[in-house]
Amino acid sequence: MIKNIVLGLEVIIFVLLTACSKESEQEDKIYTPVSVNIDLGVSAMEGNTVQSRAEEIMSPVEENPIRSLAIFQFDKEEQHDRKLNYRYLNFVDDSTPTGVLNTTLDGLKLDYQGGNLTTICLVANVSEEEVDKFYEESMIEGGSSDRLELFQLKEWQLELNYVDQEEGKKDTQGHIERMYMFGYYRGTLKEGTNDLKIMLGRLVARLDITLEAVDESITEKVEFHLDNVSTKAYVFPGDKGVEGGENRYFNTKFENGISSGSKETRYFYVAGHSAEEAEEATTLHLYYGNSDFDEGKGVKIHLCNTPPSETVTPNYWLNRNSIYRFLIRIKNSSSTSKISRGDESIQRSFLRSDGVQVINVNLKNI
């Protein structure tokens with residue numbers, strides 16, 4: 001009996017000592033503010049070799065500005081405490097109603113972290129409500145909603161919300177309500193003042209899709225939609241993107257066809273997309289005349305890093321913060337020339353020197 005009492009006392013003492021030890025560890029993590037100046041800018045989209053501003057593209061005040069900034073700082077063990085290491089800045093006011101294109105964050109107070117390795121992550125244009133939801137959903141059972149680990153931020157996905165069709169516009173259904181961006185710094189901070197430069201990159205790619213009638217006017221209805229579109233994006237860049245959905249997106253119609261020599265261009269913003277096989281790629285499904293969406297007729301064109309070719313190994317990915325330009329040259333004449341891989345209606349395709357993927361399609365083969 002006495003032995004059991006002694007053992008019980010030992011357990012109690014051990015628990016108390018452990019608790020005191022943990023409290024001591026928390027006390028050791030003293031918040032030491034240092035001044036950080038961050039030169040903040042927005043990276044140009046990759047592939048932006050040709051600059052055009054048709055009315056259907058999101059305007060510069062929609063595509064480029066920083067309206068708000070959520071700042072997350074992690075310690076050397078990749079831990080984060082919201083009460084100490086989180087900041088939220090709003091750049092929209094009377095003088096900057098649409099936000100800023102670049103700015104310097106002067107005198108931002110961040111944690112010195114004892115001079116150890118730290119990771120500072122910046123998420124632009126995310127709302128405070130979205131941040132609150134992220135903290136809540138990332139809470140480990142039995143833990144605190146104020147605590148995060150870096151791997152959780154790397155798994156954070158943001159939903160792209162598309163705007164409704166605008167009155168009087170040809171096509172704005174591919175526009176998004178918020179242009180999310182991300183950038184980060186991984187290194188050490190010194191005592192005193194720190195000067196950092198961080199460039200933000202957009203979480204989306206822009207698809208510029210142009211249809212051109214080459215040899216004669218197309219008098220019947222032409223329409224297309226996109227399949228396998230990623231409508232969610234990872235905040236943190238990595239070697240993967242959110243898989244595309246199986247639903248149909250962005251039904252686009254040219255009821256009266258396309259005149260000979262004319263071009264019709266539409267613009268779509270989609271999340272970066274990872275795909276290893278052709279059936280996983282984001283795909284443009286083009287229909288002509290009496291072809292029927294539901295019967296699956298028409299031409300399927302993969303929209304990815306490489307144009308259809310019988311000599312180049314395809315790369316079915318779409319990279320974030322990039323512009324992809326596709327020129328679909330539609331012919332309506334008899335021809336037997338076609339590539340050996342892919343849809344038999346797709347003929348010679350190539351990457352032009354200005355970065356445009358040129359894809360020839362023959363309607364006679366549909």
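- The two residues M45 and S322 have their closest heavy-atom pair at SD-O, 4.0 Å.
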Could you walk me through whether V36 and T193 satisfy the side-chain contact (heavy atoms from CB on, under 4.5 Å) test, starting with their C-alpha distance in whole Å, then the side-chain angles of each, then the deciding distance to 0.1 Å, before giving a yes or no? CA-CA 6 Å; V36 180; T193 302; over 6 Å; no
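- Residues T283 and L226 fail the side-chain proximity criterion, which asks for heavy atoms closer than 4.5 Å.
- Under the 3.5 Å distance criterion, the side-chain polar atoms of S68 are matched with a main-chain donor or acceptor of V126.
- Using a 30° and 60° split on the angle between ring planes, F236 and F182 fall in the tilted class, from 30° to 60°.
- Not one N or O on the side chain of S262 forms a donor-acceptor pair closer than 3.5 Å with the backbone of S260.
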Does the pair L122 and Y184 meet the rule for a side-chain contact (heavy atoms from CB on, under 4.5 Å), with working shown? CA-CA 6 Å; L122 311 180; Y184 72 103; over 6 Å; no
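- Using a distance-only test at 3.5 Å, with no hydrogens or angles considered, no donor-acceptor pair links the side chain of S138 to the main chain of E136.
- For the atom pair I38 CD1 and I71 CD1, the distance stands at 5.5 Å (nearest 0.5 Å).
- No salt bridge links D81 with K83; every basic N to acidic carboxylate O contact stays at or beyond 4.0 Å.
- Taking each heavy atom of V358 and R352 in turn, the nearest pair found is CG2-CD, 4.0 Å.
- The side-chain heavy atoms of M199 and M181, taken from C-beta on, include no pair separated by under 4.5 Å.
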Could you walk me through whether Y86 and Q73 pass the side-chain hydrogen bond (donor to acceptor under 3.5 Å, both in side chains) test, one step at a time? CA-CA 7 Å; Y86 169 74; Q73 185 181 12; over 6 Å; no
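- Note that CD of E212 is 10.0 Å distant from CD1 of I218, once rounded to the nearest 0.5 Å.
- Under the 3.5 Å distance criterion, the side-chain polar atoms of Q357 are matched with a main-chain donor or acceptor of C304.
- Between M179 and N125, the shortest heavy-atom distance links the atoms O-ND2, 2.6 Å.
- Remark: of the listed residues R147, H80, Q152, H80 is the sole one forming a side chain to side chain donor-acceptor pair (under 3.5 Å) with Y135.
- The nearest pair of heavy atoms linking L160 to S230 is CD1-O, 4.2 Å.
- Ring to ring, F250 and Y162 are close: their centroids are under 6.0 angstrom apart.
- Between D132 and R82 there is a salt bridge, with a side-chain nitrogen of the basic residue lying less than 4.0 Å from a carboxylate oxygen of the acidic one.
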Pair T98, V92 - check side-chain contact (heavy atoms from CB on, under 4.5 Å), show working. CA-CA 6 Å; T98 60; V92 175; over 6 Å; no
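- Within the 4.5 Å cutoff, no side-chain heavy atoms of R202 are placed close to those of Y180.
- In terms of modelled atom types and a separation under 3.5 Å, the side chain of Y324 and the main chain of N319 share a donor-acceptor contact.
- Distance alone, capped at 3.5 Å, is enough to place a donor-acceptor pair between the S127 side chain and the E130 backbone.
- Taking each heavy atom of R329 and N360 in turn, the nearest pair found is NH1-OD1, 2.8 Å.
- Looking at N161 and T231, their side chains never come closer than 4.5 Å, going by heavy atoms from C-beta outward.
- Note that CZ of F74 is 10.0 Å distant from CZ of F151, once rounded to the nearest 0.5 Å.
- You'll find the side chain of F254 reaches within 4.5 Å of the side chain of E264, heavy atoms only.
- Using the six-membered ring where Trp is involved, F134 and F72 have ring planes that are perpendicular, over 60° apart on the 30 and 60° scheme.
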Could you walk me through whether H225 and Y249 pass the ring pair (Phe, Tyr, Trp, His ring centres under 6.0 Å) test, one step at a time? CA-CA 6 Å; H225 67 255; Y249 295 92; 9.3 Å; no
For a quick test of your reading: what N or O donor-acceptor pairs under 3.5 Å do the side chains of residues 101-111 make, sequence neighbours left out?
{"from": "D111", "atom 1": "OD1", "to": "T32", "atom 2": "N", "distance (Å)": "3.3"}
{"from": "D111", "atom 1": "OD1", "to": "Q113", "atom 2": "N", "distance (Å)": "3.2"}

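- For the atom pair CD1 (I120) and CZ (R87), the distance works out to 10.5 Å, reported to the nearest 0.5 Å.
- Exactly one residue among L286, L327, T265 makes a side-chain contact (heavy atoms from CB on, under 4.5 Å) with L211. That residue is L286.
- Side-chain N or O atoms of T96 include one that pairs as donor or acceptor with a backbone N or O of F91 at under 3.5 Å.
- Here N315 contributes atom CG and N305 contributes atom CG; the two are 4.0 Å apart, rounded to the nearest 0.5 Å.
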For side-chain contact (heavy atoms from CB on, under 4.5 Å), just list the numbers for Q157 and E159, CA-CA rounded to whole Å, side-chain angles, deciding distance to a tenth of an Å, and then say yes or no. CA-CA 7 Å; Q157 298 177 17; E159 182 82 33; over 6 Å; no
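- Between the CD atom in E78 and the CG atom in L153 there is a gap of 11.0 Å [rounded to 0.5 Å].
- With a 4.5 Å cut-off on side-chain heavy atoms, K133 and E137 count as touching.
- Side-chain contact check for L158 versus V235: some heavy-atom pair is nearer than 4.5 Å.
- Shortest non-hydrogen contact noted between L189 and Y112 is O-CE1, 3.2 Å.
- No donor-acceptor pair under 3.5 Å is formed between the side chain of Y316 and the backbone N or O of L303.
- Counting only distance, with no hydrogens or angles, the side chain of H285 and the backbone of E223 share no donor-acceptor pair below 3.5 Å.
- Side chain of T282 to backbone of N228: a donor-acceptor contact under 3.5 angstrom is found.
- Taking 4.5 Å as the limit, some side-chain heavy atom of V270 sits within range of a side-chain heavy atom of L207.
- A donor atom on one side chain and an acceptor atom on the other are found under 3.5 Å apart for T119 and R186.
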